[in-house]
Protein chains: 2
Amino acid sequence: MSGRKIDPEKRIRQVVQAARKLFVERGYYSVSIPQIVKASGVSTGAIYNYFTNKESLALYIHEQALEEFKSLYSQALLGKQTTHDKLKTFAELVFDITENDSEMMEYMLSMQHGEFLQSSPPLCSTEPFRMVQQIIIRGMELGEVRQGNYFLSAVSYTGVILRAAELRLQGVLASPLSESSEELITNAWAAIS
Amino acid sequence: MSGRKIDPEKRIRQVVQAARKLFVERGYYSVSIPQIVKASGVSTGAIYNYFTNKESLALYIHEQALEEFKSLYSQALLGKQTTHDKLKTFAELVFDITENDSEMMEYMLSMQHGEFLQSSPPLCSTEPFRMVQQIIIRGMELGEVRQGNYFLSAVSYTGVILRAAELRLQGVLASPLSESSEELITNAWAAIS
DNA sequence: GTCTATAGCCCGATAGAC
DNA sequence: GTCTATCGGGCTATAGAC
């Protein structure tokens with residue numbers, strides 16, 4: 001339909017990809033617009049045409065990453081019945097993203113501890129965490145999860161999984177998470193069952 | 001001994017305290033030297049006399065925090081015999097610092113995921129983690145900890161504890177960790193025993 | 001040793017041609 | 001819509017008086 005000279009959506013994706021990579025690597029404040037211009041191949045003027053300023057670009061990236069995770073998790077949950085399997089699905093998704101889209105996982109983890117974007121809605125990052133909470137509440141009702149404070153159980157399960165992902169991204173864990181997946185999931189489940 | 005006009009050590013402490021607080025609150029890159037000057041009451045010239053540049057100041061804070069944690073943990077470990085008690089001591093120290101010196105704990109957690117200080121020795125933050133690893137290795141030998149990959153067991157135990165501290169600092173966990181301490185320690189221990 | 005003042009640089013954001 | 005050139009501002013680090 002539109003003239004095929006240049007595709008705005010494609011260029012927005014270029015900017016977002018380049019910016020997210022740079023933000024993850026060096027941190028929000030140490031990344032300059034000129035660097036994003038160079039890395040994305042999109043000019044300053046165009047960037048400021050798409051986004052009102054640097055912060056709004058970061059906010060866009062933030063929301064997009066969150067939405068993508070939610071969508072992937074919802075998809076992966078289809079057909080899973082037991083509490084154990086639903087939580088295992090969470091763990092495996094986290095491990096899969098960590099190995100195959102590490103940039104995205106690093107971004108998810110950076111978002112969690114609020115280093116940048118102080119003006120963004122506080123703790124967006126907890127939305128996946130909320131999903132896990134709901135699963136655990138239901139699991140307690142069903143007697144599949146040990147009785148207790150559901151919040152603390154969610155903290156415990158996700159703590160095991162997310163810390164493994166974190167250490168893997170930092171290079172402390174040398175081998176792929178797929179090799180450790182089974183044992184980590186066993187540990188996380190043992191913490192709450 | 002020295003003339004008591006001004007005490008350099010005291011002023012260094014002022015700078016370090018003010019800078020650490022600002023770094024934690026706003027992030028390394030968004031804190032300027034003039035802001036540290038204002039917050040600490042120490043002039044630019046004096047700061048650059050004590051530290052060669054902004055990065056070396058951050059490095060000093062980094063090392064000092066690590067040393068303090070190690071020292072506190074070693075102290076608290078005295079007299080603890082079982083693996084369970086040694087790990088519980090770790091957890092309680094983390095919870096105690098989180099509640100009573102939250103700035104310090106926030107700093108410890110920021111250090112962990114390498115947001116700033118890219119030129120610092122990679123993952124200094126893992127030294128407390130190494131101590132936990134050693135305890136777990138010994139615990140497996142003694143049969144107090146379930147057999148398995150000691151590294152993954154350390155990840156699992158500390159994951160539960162540190163994620164709880166993180167969420168508490170973010171305000172997601174509303175009540176003091178002392179109230180949840182027992183249940184969290186139970187969960188963390190269940191993950192590996 | 002410590003201060004103030006400022007040099008020199010690079011940033012985010014914009015103006016104006018196309 | 002998109003570009004390049006540039007402005008005003010704030011930064012790190014230093015120079016030079018005391």
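The sequence lines fix the lettering, A, B, ..., with proteins before strands; numbering per chain opens at 1. Side-chain atoms are counted along with the backbone in the values below, which use heavy atoms only and exclude waters and symmetry mates.
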[X] [atom1] to [N] [atom2]: how many Å, rounded?
{"X": "A:Tyr48", "N": "D:dT6", "atom1": "OH", "atom2": "C1'", "result": "14 Å"}
{"X": "A:Leu57", "N": "C:dG12", "atom1": "CG", "atom2": "P", "result": "11 Å"}
{"X": "B:Asn49", "N": "D:dT12", "atom1": "CG", "atom2": "P", "result": "18 Å"}
{"X": "A:Tyr29", "N": "C:dC10", "atom1": "OH", "atom2": "C1'", "result": "18 Å"}
{"X": "B:Ile47", "N": "C:dC3", "atom1": "CD1", "atom2": "P", "result": "9 Å"}
{"X": "B:Glu55", "N": "D:dA13", "atom1": "CD", "atom2": "C1'", "result": "14 Å"}
{"X": "A:Phe51", "N": "D:dT2", "atom1": "CZ", "atom2": "P", "result": "12 Å"}

Below 4.0 Å: OP1/OP2 of C:dG12 and any side-chain N or O of A:Asn53: no

Distance test, side-chain N/O of A:Arg11 to OP1/OP2 of D:dT2, below 4.0 Å: yes

Minimum-distance nucleotide (side-chain atoms of B:Ser43 versus D:dT12, C:dG1, C:dT4): C:dT4

Residues that A:Glu182 engages under side-chain contact (heavy atoms from CB on, under 4.5 Å), provided they are two or more places apart: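 For A:Glu182, no residue satisfies side-chain contact (heavy atoms from CB on, under 4.5 Å) once neighbours in sequence are set aside.
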
Touch class at under 4.0 angstrom, heavy-atom based, for B:Tyr50 against every strand present: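 Sugar-phosphate, backbone atoms only, no base.
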
Check: B:Phe151 ring centroid to B:Phe129 ring centroid under 6.0 Å: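 Ring-ring flag for B:Phe151/B:Phe129: true, centres closer than 6.0 Å.
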
Heavy-atom donor-acceptor pair, A:Ser40 side chain to A:Ile36 backbone, under 3.5 Å: yes

Given DNA chain C, 5'-ward residue of the pair B:Gly45 and A:Thr44, judged by closest heavy atom: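 Result of the comparison: B:Gly45.
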
Neighbours of DNA chain D within residues 32-41 of chain B, by heavy-atom distance under 4.0 Å: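 Of all residues in residues 32-41 of chain B, the ones placing a heavy atom under 4.0 Å from DNA chain D are B:Ser32, B:Ile33, B:Pro34.
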
Pairwise side chain to side chain donor-acceptor pair (under 3.5 Å) hits with a residue in residues 134-151 of chain B, at least two apart: A:Asn187-B:Arg146, B:Thr83-B:Glu144, B:Arg138-B:Glu141

Euclidean distance, A:Ser153 OG relative to A:Met140 CE, rounded to 0.5 Å: 3.5 Å

Within 6.0 angstrom of B:Lys86 NZ, more than 12 heavy atoms from elsewhere: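 Enclosed: over 12 neighbouring heavy atoms sit under 6.0 Å from NZ of B:Lys86.
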
B:Lys21, NZ: over 12 other non-hydrogen atoms inside 6.0 angstrom: no

